[in-house]
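A quick write-up on the structure given underneath.
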Amino acid sequence: MITLKLLLQVAFRNLFKSWVNLIIGGVIFFATFLVVTGGALLDSIDSSMSRSIIGSIAGHLQVYSDKSKEELALFGAMGGETDIAALDSFAPIKAALEKHPNVQTVVPMGTSGALITSGNTVDLTLARLRALYRKNTAEGETAERRGQIDSLKQHVRQLAELLQSELATRRELIREDQVDPADAAALERARSEAFWADFDKDPLGSLEFLENQLAPQVADGDLLYIRYVGTDLASFQKTFDRMQIVDGEAVPPGKRGMLLSKFFYEEFLKLKSARRMDLIKEARDMNKKTIALDPLLQRYVKETSTQTREIVFQLDPIKTKQATARLQDILKSQETDLSRLLSSFLTVNDENFDLRYKQFYEQLVPLLDLYRIKLGDKLTITAFSRTGYVQSVSVPIYGTYQFSGLEKSPLAGAVNLMDLVSFRELYGYLTEEAKAEIAQLKQKSGAAEVKREDAEEALFGEESSPTLVAEATPGLINDDEQVSANTAALRSEDMLKRVYSQKELEDGMVLSAAIILKDPEELNATLAELARTQELKDLKLRVVSWQQAVGIIGQFVLMMKMVLWGVIVILFVVVLAIINNAVMMATLQRVREVGTMRAIGAQRSFILSMILLETVVLGLAFGGLGAGAGSALISWLGNVGIPAGTEELYFFFSGPRLLPTLGANNLITAFALVVGVSLFSTLYPAFLATRVSPVTAMQTDE
Amino acid sequence: MSLSAEPIVSINEVTKDYHLGKVVVPALRGVTLQVHPGEFISIAGPSGSGKTTLLNLIGCVDTATSGVVRVAGKDTKQLSERKLTDLRLHTIGFIFQSFNLVSVLSVFQNVEFPLLLQKKLNASQRRERVMALLEQVGLANHAKHRPNELSGGQRQRVAVARALVTQPQIVLADEPTANLDSVTGQQIIDLMKAMNRERGTTFIFSTHDAKVMTHANAVVRLADGKVLDRVTPAEAGVALAAGGH
């Protein structure tokens, strides 16, 4: 005890005695500072990302079929969806899981993707026109409807004129023979007075001509890939606290319907000019960027001002006039060409942007369809079912939603939510009701019962793979029937009105189930316990943690952690070398002192503890300062927040700002690491010091 | 002077070789010497004669190549490194030519240091012992100073106090006055002499200063690693004076 006091005294007094100690101290300070801040930042990112991922889709644990060929990747994997085997029924899985005391909720899920077409302007206009003619046939013509029809017809004629002028421009740029003569002829006909004069003689025929010949020439239709998670929407919304409805409303319980991700809706379905204007505004307001300095914003401005066609095409003659007048007024211009007016209106700069943005939304947007699909519309989704045939389902869009924290992530934020029934249909799973209906239809049409084996034979040639039969879920997924598009269309109206019971939702097929735990701290223990449960083994279920379940995104955090730890390891190797050298020098400077102590009667162990304790004191003092500085920085950042400048950062920060917090474990880890490494690097010099002979004290070198 | 029968230091036919690369340098070539308790002995000789080597062997900081060195009745060759250190701590005090104080410790702490290593006394006993000694060497009011705030003579007085604080049987001093001017050197010798008188501590010191030698009971003269003779200071003084001319 007495010796310790003396050692401490020597150690403390030595702190500022030698410049070498200041170097060691500086290194320790810097290392601790880095480990504390780096660790705290990463932990904060990790915990905020974890919270948003767990709270948005993954839950704490996921279960899926053990028969799956690949691993579950809720947010998708490189190269699309992974191959997950279907689970016949959700109900027994839920029952089995809920037996565990730590399981709070189990939510059914299935992830898939499909292509949708949003249709181009001509298609959309023609579709409206067709609907009006249908109504005319059914209910008789009214003056009002006639007015609408005439306006739309005008619009189509105008579109043809616009196409013609575009064609003229194209002819100047490319050689004549590269324009398809059939296209040119069709366009010529669509612009002719004769065509329009005879239009009403055979309106449906005329419409068909336009749909087949004119519409394909307009290339603004999009083929979109849409990812969706089929789930029990009511249960999902209750369970996942990160989910927020942005526009529209929730899908009523038991009904078919979809909620589109706000990100997806804005990014892919909004008028592109409007989307770009939004992005410019956000970059300027949130991230303090300027058009003058930011190349990306300059690109947006250029695209918006040159690609005015999507706006011009949408406007019928009346609206075109209105838009022209408004823009002439805003720009104080005599220009009559709408394209040119739009182009100069949308050539924005830092000075006029805010005003133009306001004018854009106040004056132009009311004349336009801002989104290709409106809330309340029905979206037709066409997907390849598991067994390879095309399945098409029409689902009403109730609203948009977002997962707070992931709203800007193209990967995690672009997941759309769909009711389980529609999901199962797209997947190729038939409800009892649908099966009954098909049986009925079959009977009516007199179709022969086709055996499964024969159907495969017919579909896939003489040597069909038997595994395909074994792996499909017999009796549930009807993989030898193709429902004709007509039948589906006939059913769809009824189906949309139907309310499905909770039992119907739970008794059907799912791909996976999310588990929310009562005590998330027990995640690993619960995971292990569940994996051991005989019941889950019987159900052939695989239990994974959310990190494993989310695929690529789970790896991001892990990768970042590995990078940080890599940096820390390198840092500490450097620290080790520096401290080792410095303590070596310090020891050499003190050979006489050590020798004197040895001569006077200090044992080797005393010298060893003296040198080591000095390093510990240095470590504690400068490590403490470093940790203090780190904590101060983190707590300051915790107040002001670190702005997420880029979309990648927005995702990592799970929001517009990261408010890092410092955990006791960060401090303890940093401290233990730094003191440990310093001690370790002092071991050798300290050992050398114990070898200093007391004879050194007697030597005279002055 | 009364000498007891048992010598406190007994050196018999001791040799010590140093190895400089492949060359063997003999520092002592068969030295025999007896020192009795209470003696005040000076070891004299030109540099390279083996004074420091002899002191190292007596001080148990080094071991002989051959021969027997007995300190306080113990054959140093038979002792482990640990035991040798203990022997130094409890039996021997050291005074060095260049003082060798621990620069980061105060005067008081430097003197207290060996007591802390001994772990025999409690804080107040230590304080009493240290202050009494500092009083004796005339530095009681410098107790809180750091060594670098003191003059050379003051530092050596601190060293003397440190050497004596454990009340050792032997104090070894290697050229204790070499780094001091003659007046200060004289004061240090007087101090050592007084301690020798009052406490009966055996002092063995090396010097090449004839004036310093005059205070010794006996002068052991070394040359080329051998004991030339053991004489009285007067004889040594004559001899040195003769040699000087």
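The shown structure was predicted, so the numbers you read here are calculated from the model rather than taken from an experiment. Order of the sequence lines sets the chain letters (A, B, ...), proteins ahead of strands, with each chain counted from 1.
At a cut-off of 3.5 Å, with distance as the only test, no side-chain donor of T65(B) or D17(B) sits close to an acceptor on the other residue. Side-chain atoms of E149(B) and H142(B) form no donor-acceptor pair, as typed in the model, at a separation below 3.5 Å.
Using a distance-only test at 3.5 Å, with no hydrogens or angles considered, no donor-acceptor pair links the side chain of R221(B) to the main chain of G45(B).
The environment of Q589(A) atom CD is dense: over 12 non-hydrogen atoms of other residues, nucleotides or ligands sit within 6.0 angstrom.
Neither the backbone nor the side chain of Q118(B) comes within contact range of chain A, judged by heavy atoms closer than 4.5 Å.
Between chain B and the residues R590(A), E593(A), R604(A), the most heavy-atom pairs under 4.5 angstrom are made by R604(A). The residue among L105(B), V61(B), T166(B), D62(B) with the most heavy atom pairs within less than 4.5 Å of chain A is V61(B).
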